[in-house]
Q: 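Provided herewith is a single structure, encoded as structure tokens, for subsequent inquiry.
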Amino acid sequence: MAALFRGFRSTGLRWNKHAYFVFVSRRSMASKTPVGFIGLGNMGSPMAKNLIKNGYPVIATDVFPESCKELQELGAQVMDSPAEVAEKADRIITMLPSSPNVIEVYTGPNGILKKVKKGTLLVDSSTIDPSVAKEMAVASEKMGAVFMDAPVSGGVGAASMAKLTFMVGGLEEEFQAAEELFACMGANVVYCGQVGSGQAVKLCNNMLLAIGMIGTAETMNLGIRLGLDPKLLAKILNMSSGRCWSSDSYNPIPGVMEGVPSANNYQGGYGTTLMAKDLGLAQNTATNTKSSIPLGSLAHQIYRVMCSRGYANKDFSSVFQFLREEEAQ
């Protein structure tokens, strides 16, 4: 029922004896209700654009005003702070770099919760510590709002093509209410359980992704050293048991694939700093749960070293370049 009432609230309609017919028309009227979007970086910007493409008026803000210009040209209304966005929208999506950024945007002096309306649905698609997601849920509930964590997988390419995978944690009836928004931005939407469970899945996924990317880079580098053509090696790997996403969809070797960061001097994509952050979160949760992650810990160490060696702003697939640099020393 909560999802049903949220539908009435978002359209400005109230329950009456014709409630069933109002509910049926909710989806067709949804495009008339604004969606707040906070955080317009490499991932947030294409996600917000896809909402606009699907007819949703977007009310946006970002700590860097220049990030809002392109979205504004597409018709988005730009605000100066998260609090101002919260005044105008009762469904808000946040896509931010880290746990401290999320805490500031939600609970800071100009944060969402300073002006949030009762009944507002708050969806955080950042990758953060699961415990922080739970804290934000409690803080939101005190203000009469509903918080969900919905981190994503797929990278910038998937964000641009609306093919992201959303991993969602929160009340199941609220998940149903938010599905129409997720469907505009992603191809896969999975309900994972209570608040924080989406983040837990995302951290596990990104730890495996980091390990797989390092393994792919090492394997390709070894093959090249053995005199193999990298395109041939990648082709064979991708029809063999070594095949993985890092080899067949995001290959780290320049010249092997088009449309990936390695084909553009490792620009765009998912930054090394962000991957190091995610691995740090995985390390913390592993420590708290007394889980053994030897490869995850080593991957964390490698990406931290990369950040100190000038790779911080490059895509995480630049680990191939880093390995080659290590050989030269």
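Atoms considered below: every heavy atom in the structure, side chains included; atoms not considered: hydrogens, waters and symmetry mates.
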Q: Which donor-acceptor pairs under 3.5 Å do the side chains of residues 222-230 make with protein atoms, sequence neighbours left out?
A:
{"unit_1": "Arg225", "atom_1": "NE", "unit_2": "Glu327", "atom_2": "OE1", "d": "3.2"}
{"unit_1": "Arg225", "atom_1": "NH2", "unit_2": "Glu327", "atom_2": "OE1", "d": "2.3"}
{"unit_1": "Asp229", "atom_1": "OD2", "unit_2": "Lys231", "atom_2": "N", "d": "3.1"}
{"unit_1": "Asp229", "atom_1": "OD2", "unit_2": "Leu232", "atom_2": "N", "d": "2.9"}

Q: Identify, with sequence neighbours excluded, every residue that meets salt bridge (charged side-chain N to carboxylate O under 4.0 Å, His left out) alongside Glu326.
A: Arg309

Q: Applying side chain to side chain donor-acceptor pair (under 3.5 Å), can you list everything that pairs with Asn288, at least two apart in sequence or on another chain?
A: none

Q: Any salt bridge linking Asp90 with Lys117? Criterion: basic side-chain nitrogen under 4.0 Å from a carboxylate oxygen.
A: no

Q: Just say parallel, tilted or perpendicular for the rings of Phe316 and Tyr303, cut-offs at 30° and 60°.
A: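 Answer is tilted, since the angle falls between 30° and 60°.
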
Q: Cut-off 3.5 Å, side chains only: do Glu325 and Tyr311 have a donor facing an acceptor?
A: yes

Q: Checking the side chain of Thr107 only, and the main-chain atoms of Glu104 only, is there a donor and an acceptor separated by less than 3.5 Å?
A: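 No; zero donor-acceptor contacts below 3.5 Å.
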
Q: Is a side-chain donor or acceptor of Ser99 paired with a backbone partner of Ile128 at a separation under 3.5 angstrom?
A: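 It does not hold such a pair.
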
Q: Could you list the residues that satisfy salt bridge (charged side-chain N to carboxylate O under 4.0 Å, His left out) with Arg324, not counting sequence neighbours?
A: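 Testing Arg324 for salt bridge (charged side-chain N to carboxylate O under 4.0 Å, His left out), a comparison that skips the adjacent residues, returns none.
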
Q: Between Arg91 and Thr120, is any side-chain donor less than 3.5 angstrom from a side-chain acceptor?
A: no

Q: Taking atom types as modelled and ignoring hydrogens, do the side chains of Thr272 and Lys314 form a donor-acceptor contact shorter than 3.5 angstrom?
A: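 Per modelled atom types, Thr272 and Lys314 side chains form no pair under 3.5 Å.
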
Q: Is Val319 linked to Leu274 within one hydrophobic cluster, defined over Ile, Leu, Val, Met, Phe, Trp and Tyr using a side-chain heavy-atom separation of less than 4.5 Å?
A: yes

Q: Kindly check if the number of other-residue, nucleotide or ligand heavy atoms within 6.0 Å of CG (Asn265) is above 12?
A: yes

Q: side-chain contact (heavy atoms from CB on, under 4.5 Å) between Val256 and Ser262: does it pass, once the steps are laid out?
A: CA-CA 8 Å; Val256 169; Ser262 62; over 6 Å; no

Q: Distance only, no hydrogens: is a donor on one side chain within 3.5 Å (strictly under) of an acceptor on the other, for Thr287 and Asn284?
A: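 No pair is found: no donor N or O on one side chain lies under 3.5 Å from an acceptor on the other.
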
Q: Give the C-alpha distance, both sets of side-chain angles, the deciding distance and a yes or no for side-chain hydrogen bond (donor to acceptor under 3.5 Å, both in side chains) between Tyr106 and Thr94.
A: CA-CA 9 Å; Tyr106 278 86; Thr94 52; 2.8 Å; yes

Q: Checking side-chain contact (heavy atoms from CB on, under 4.5 Å) for the pair Gln176/Tyr191: CA distance, chi angles, key distance, verdict?
A: CA-CA 9 Å; Gln176 294 168 356; Tyr191 177 67; over 6 Å; no

Q: Name each donor-acceptor pair under 3.5 Å that joins a side chain in residues 137-165 to protein atoms two or more places apart or in another chain, with its distance.
A:
{"unit_1": "Ser140", "atom_1": "OG", "unit_2": "Met136", "atom_2": "O", "d": "2.7"}
{"unit_1": "Asp149", "atom_1": "OD1", "unit_2": "Gly196", "atom_2": "N", "d": "2.9"}
{"unit_1": "Asp149", "atom_1": "OD2", "unit_2": "Gly196", "atom_2": "N", "d": "3.4"}
{"unit_1": "Asp149", "atom_1": "OD2", "unit_2": "Gly198", "atom_2": "N", "d": "3.1"}
{"unit_1": "Asp149", "atom_1": "OD2", "unit_2": "Gln199", "atom_2": "N", "d": "2.9"}
{"unit_1": "Ser160", "atom_1": "OG", "unit_2": "Val156", "atom_2": "O", "d": "3.1"}
{"unit_1": "Thr165", "atom_1": "OG1", "unit_2": "Asn188", "atom_2": "ND2", "d": "3.3"}

Q: Using a 3.5 Å cut-off and no angle test, enumerate the donor-acceptor pairs between side-chain atoms of residues 68-78 and protein atoms at least two apart in sequence or in another chain.
A:
{"unit_1": "Glu70", "atom_1": "OE1", "unit_2": "Lys49", "atom_2": "NZ", "d": "3.3"}
{"unit_1": "Glu70", "atom_1": "OE2", "unit_2": "Lys49", "atom_2": "NZ", "d": "2.7"}

Q: Evaluate whether atom CD of Glu87 has more than 12 neighbouring non-hydrogen atoms of other residues, nucleotides or ligands under 6.0 angstrom away.
A: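 Yes, CD of Glu87 has more than 12 neighbouring heavy atoms, counting only those of other groups under 6.0 Å.
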
Q: Any luck finding a side-chain donor-acceptor pair between Asn206 and Asp278 under 3.5 Å?
A: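 Result is yes, a qualifying pair exists.
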
Q: Does Glu84 come within less than 4.0 Å of Lys114, counting only side-chain N to carboxylate O?
A: no

